[in-house]
Amino acid sequence: MTKVSTDHSGAQFEGGLPGASLGCAIRLAVPADVPAIIGLIASLDMVRVGAGENGFLRQRHSVSDYERFAQLGHLKLALLHGQPVGYLLSFPWSSDELKFERQVTGIVTWSGQSYADPSHSVFRDAIYVGEIGVDPHLARRGIGSALYGELMG
């Protein structure tokens with residue numbers, strides 16, 4: 001169980017989250033969770049000014065794609081009191097879903113070094129984060145950080 005701040009000020013905090021905390025459960029999404037994920041994406045698009053212009057968190061895939069990603073274990077879901085409040089879509093760099101990105105990118109920069117050889121050890125555990133979203137009413141309370149933390153193990 002990850003602790004998430006209930007402070008509503010939106011301020012940045014050093015060294016942890018202040019105030020009361022709620023338990024945030026993170027689990028793999030299942031296909032039945034996809035409507036809730038689509039709902040989160042829609043709520044973010046409505047609330048965040050400029051989301052459409054910068055390509056941030058608009059629905060990029062079909063419902064069947066999100067269902068397939070859930071079946072393959074690429075979607076993580078954050079829950080507060082059993083309700084979906086955030087999600088993260090990620091892929092291992094070697095996955096079939098990233099074939100196009102690997103061909104187009106060719107070179108990946110990591111920690112100031114550039115790598116072009118896909119067999120290099122830097123790619124062995126590399127993860128590509130495709131999307132992340134958190135209910136806009138719960139933004140800046142550690143849910144996104146919890147999702148990333150769960151991803152990093």
Colleague: Which atom names give the shortest non-hydrogen contact between A32 and P35, and what distance separates them?
Modeller: O-CD, 3.4 Å
Colleague: Do the side chain of R141 and the main chain of A139 share a donor and acceptor less than 3.5 angstrom apart?
Modeller: yes
Colleague: For the residue pair G86 and L147, what are the closest heavy atoms and their distance?
Modeller: C-CD1, 3.9 Å
Colleague: Do L80 and L28 share a hydrophobic cluster, counting only Ile, Leu, Val, Met, Phe, Trp and Tyr and linking them when any side-chain heavy atoms are less than 4.5 Å apart?
Modeller: no
Colleague: Measuring from H61:NE2 to I41:CD1, what's the distance to the nearest 0.5 Å?
Modeller: 8.5 Å
Colleague: Please name all residues satisfying salt bridge (charged side-chain N to carboxylate O under 4.0 Å, His left out) with R27, sequence neighbours left out, ordered by chain then number.
Modeller: D33
Colleague: How many angstroms lie between CE in M152 and OG in S90, if you round to the nearest 0.5 Å?
Modeller: 8.5 Å
Colleague: First locate atom NE2 of H81, then atom SG of C24, and finally report the distance between them rounded to the nearest 0.5 Å.
Modeller: 10.0 Å
Colleague: Going through the distances and angles, do L77 and I26 end up as a side chain to side chain contact (heavy atoms under 4.5 Å, CB included)?
Modeller: CA-CA 6 Å; L77 193 64; I26 309 289; over 6 Å; no
Colleague: Going hydrophobic residue to hydrophobic residue with side-chain gaps under 4.5 angstrom, can you get from V129 over to V85?
Modeller: yes
Colleague: Can you measure from CZ (R68) to CG (L75) and round to the nearest 0.5 angstrom?
Modeller: 10.5 Å
Colleague: Side chain to side chain contact (heavy atoms under 4.5 Å, CB included) between D135 and L40: does it pass, once the steps are laid out?
Modeller: CA-CA 6 Å; D135 181 313; L40 284 169; 4.0 Å; yes
Colleague: State yes or no: do L72 and V34 share one hydrophobic cluster built from I, L, V, M, F, W and Y residues joined by side-chain heavy-atom distances below 4.5 Å, directly or via other members?
Modeller: no
Colleague: Does Y87 form a side chain to side chain contact (heavy atoms under 4.5 Å, CB included) with V134? I'd like the steps, not just the answer.
Modeller: CA-CA 7 Å; Y87 79 101; V134 173; over 6 Å; no
Colleague: Working to the nearest 0.5 Å, report the span between CG of L88 and CG of L151.
Modeller: 5.5 Å
Colleague: Under a 3.5 Å cutoff, is there a donor and acceptor pairing between the side chains of Q71 and Y66?
Modeller: no
Colleague: What closest approach, in Å, do P31 and A70 show between heavy atoms, and which atom pair accounts for it?
Modeller: N-CB, 3.7 Å
Colleague: Judged by atom type as modelled, is there a donor-acceptor pair below 3.5 Å linking the side chain of H74 to the main-chain atoms of L89?
Modeller: no
Colleague: Work out which heavy atom in I132 is nearest to a heavy atom in G144; give both atom names and the distance.
Modeller: CD1-O, 3.9 Å
